[in-house]
Trainee: 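My questions will all concern the structure given below.
Below, read A as the first sequence line, B as the second, and so on, with proteins coming before strands; counting in each chain starts at 1.
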Amino acid sequence: TRAYNALLKGYVKIGALKDAELIFLDMEHCGVSPNEGTYSLLIDAYMSAGRWESARILIKEMEENDVRPNSYVFSRILANLRDKGDWQKSFAILREMRSNGIHPDRHFYNVMIDTFGKYNCLHHAMDAFDKMRFDGIKPDEITWNTLIDAHCKAGRYDKAMFLFENMQENGCSPCTTTYNIMLNSLGEQGRWEELKEMFEGMKKQGLLPNVVTYTTLVDAYGKSGRFKEAIECLEAMKAGGMKPS
RNA sequence: CAGUGCAUUA
């Protein structure tokens, strides 16, 4: 099985899906049982090829062979669908998981929230968030960031700010990424004083500005014609030992 | 062993 998996990995990596399928069939023909890694590899390959139906067939086959699909596999599937814009299939995936008795883990929920957020389904995103907590999974700093960013992108700035405070009340401290999201949002709104406050608050917490932080600021200032603050940020970036992209 | 979030850019 190990040998076959290694071989499969090679074929998948170069995109020879057809050959990978042949090897998989050969495994069964030789009586070598596929394991969870075997299936993950193939499902992954199908997803990158946009063949969701083939992936689903494999999942069925897994349950017939008593190989338990992981929450990991489903996260990969969902992330792939998200990048293709097929967010509606999230529900089908959830059903698929439930029918196999698999509990979504934190990563999976984070991907799901992000998926809904990216397509402006904030209500579904919040539902997923609630369901996550109901399942006894503590929201991550990543969970909060994705939620906040989703609301920012949808123009729900009030709610985003609310979540930003809510996050801290729940014992999760904002990280650099959190601030990057907030800074980007404030810049798009042209709320320059609050942006400055936010930036200082960040440094007050002992958080170091990032390459992303600076490019966010430079872009915001530059696009609005505030060239001197843009240049100041560029200088600060270089002083921090970073290279502009 | 592997999966999730933020900016710019073709």
Trainee: Which part of the nucleic acid, if any, lies within contact of A/T215, taking any heavy atom under 4.0 Å across all strands shown: a base, the sugar-phosphate backbone alone, or nothing?
Mentor: base
Trainee: Within the structure shown, what part of the strands sits under 4.0 Å from A/I142 by heavy-atom distance: base, sugar-phosphate, or nothing?
Mentor: base
Trainee: Between A/K138 and A/D140, does any NZ, NE, NH1 or NH2 come within less than 4.0 Å of an OD or OE carboxylate oxygen?
Mentor: no
Trainee: Over all strands shown, is A/S75 touching base, sugar-phosphate only, or nothing at heavy-atom distances under 4.0 angstrom?
Mentor: base
Trainee: Taking the six-membered ring for Trp, is the centroid-to-centroid distance between A/F91 and A/F116 below 6.0 Å?
Mentor: yes
Trainee: Take the protein atom OH of A/Y72 and the nucleotide atom C1' of B/G3, then report the distance between them rounded to whole Å.
Mentor: 5 Å
Trainee: Taking any heavy-atom pair under 4.0 Å as a contact, classify A/N70: base, sugar-phosphate, or nothing.
Mentor: base
Trainee: With sugar-phosphate meaning primed atoms plus P, OP1 and OP2, does A/D44 contact a base, only sugar-phosphate, or nothing at under 4.0 Å between heavy atoms?
Mentor: nothing
Trainee: With a 4.0 Å cut-off on heavy atoms, is A/K9 in touch with a base, just the backbone sugar-phosphate, or nothing at all?
Mentor: nothing
Trainee: From the list B/C6, B/A7, B/G3, which nucleotide is the closest neighbour of the side chain of A/R76?
Mentor: B/G3
Trainee: With sugar-phosphate meaning primed atoms plus P, OP1 and OP2, does A/T143 contact a base, only sugar-phosphate, or nothing at under 4.0 Å between heavy atoms?
Mentor: nothing
Trainee: What is the distance from CD1 of A/I93 to P of B/U4, rounded to the nearest Å?
Mentor: 15 Å
Trainee: Just to be sure I understand the rule, does A/C233 reach a base, reach only the sugar-phosphate, or reach nothing, if contact means heavy atoms closer than 4.0 Å?
Mentor: nothing
Trainee: A/N35 side chain to A/G37 main-chain N or O, any donor-acceptor pair under 3.5 Å?
Mentor: yes
Trainee: What is the distance, rounded to the nearest whole Å, between atom CG of A/L42 and atom P of B/G3?
Mentor: 18 Å
Trainee: NZ of A/K138 versus P of B/U4: gap in Å, rounded?
Mentor: 24 Å
Trainee: Would you be so kind as to tabulate the donor-acceptor pairs closer than 3.5 Å made by side chains of residues 129-136 of chain A, with sequence neighbours excluded?
Mentor:
from	atom 1	to	atom 2	distance (Å)
A/D135	OD2	A/Y109	OH	2.6

Trainee: Which part of the nucleic acid does A/R2 contact within heavy-atom distance under 4.0 Å: base, sugar-phosphate only, or nothing?
Mentor: nothing
Trainee: Is the distance from the ring center of A/W192 to that of A/Y221 below 6.0 Å?
Mentor: yes
Trainee: I need the CG-P distance between A/N110 and B/C6, as an integer number of Å.
Mentor: 12 Å
Trainee: Output the rounded distance in Å from NZ (A/K223) to C1' (B/U9).
Mentor: 10 Å
Trainee: Could you state the CD-P distance from A/E188 to B/C6, rounded to the nearest angstrom?
Mentor: 13 Å
Trainee: What is the separation between atom CE on A/M182 and atom C1' on B/A7, rounded to the nearest whole Å?
Mentor: 15 Å
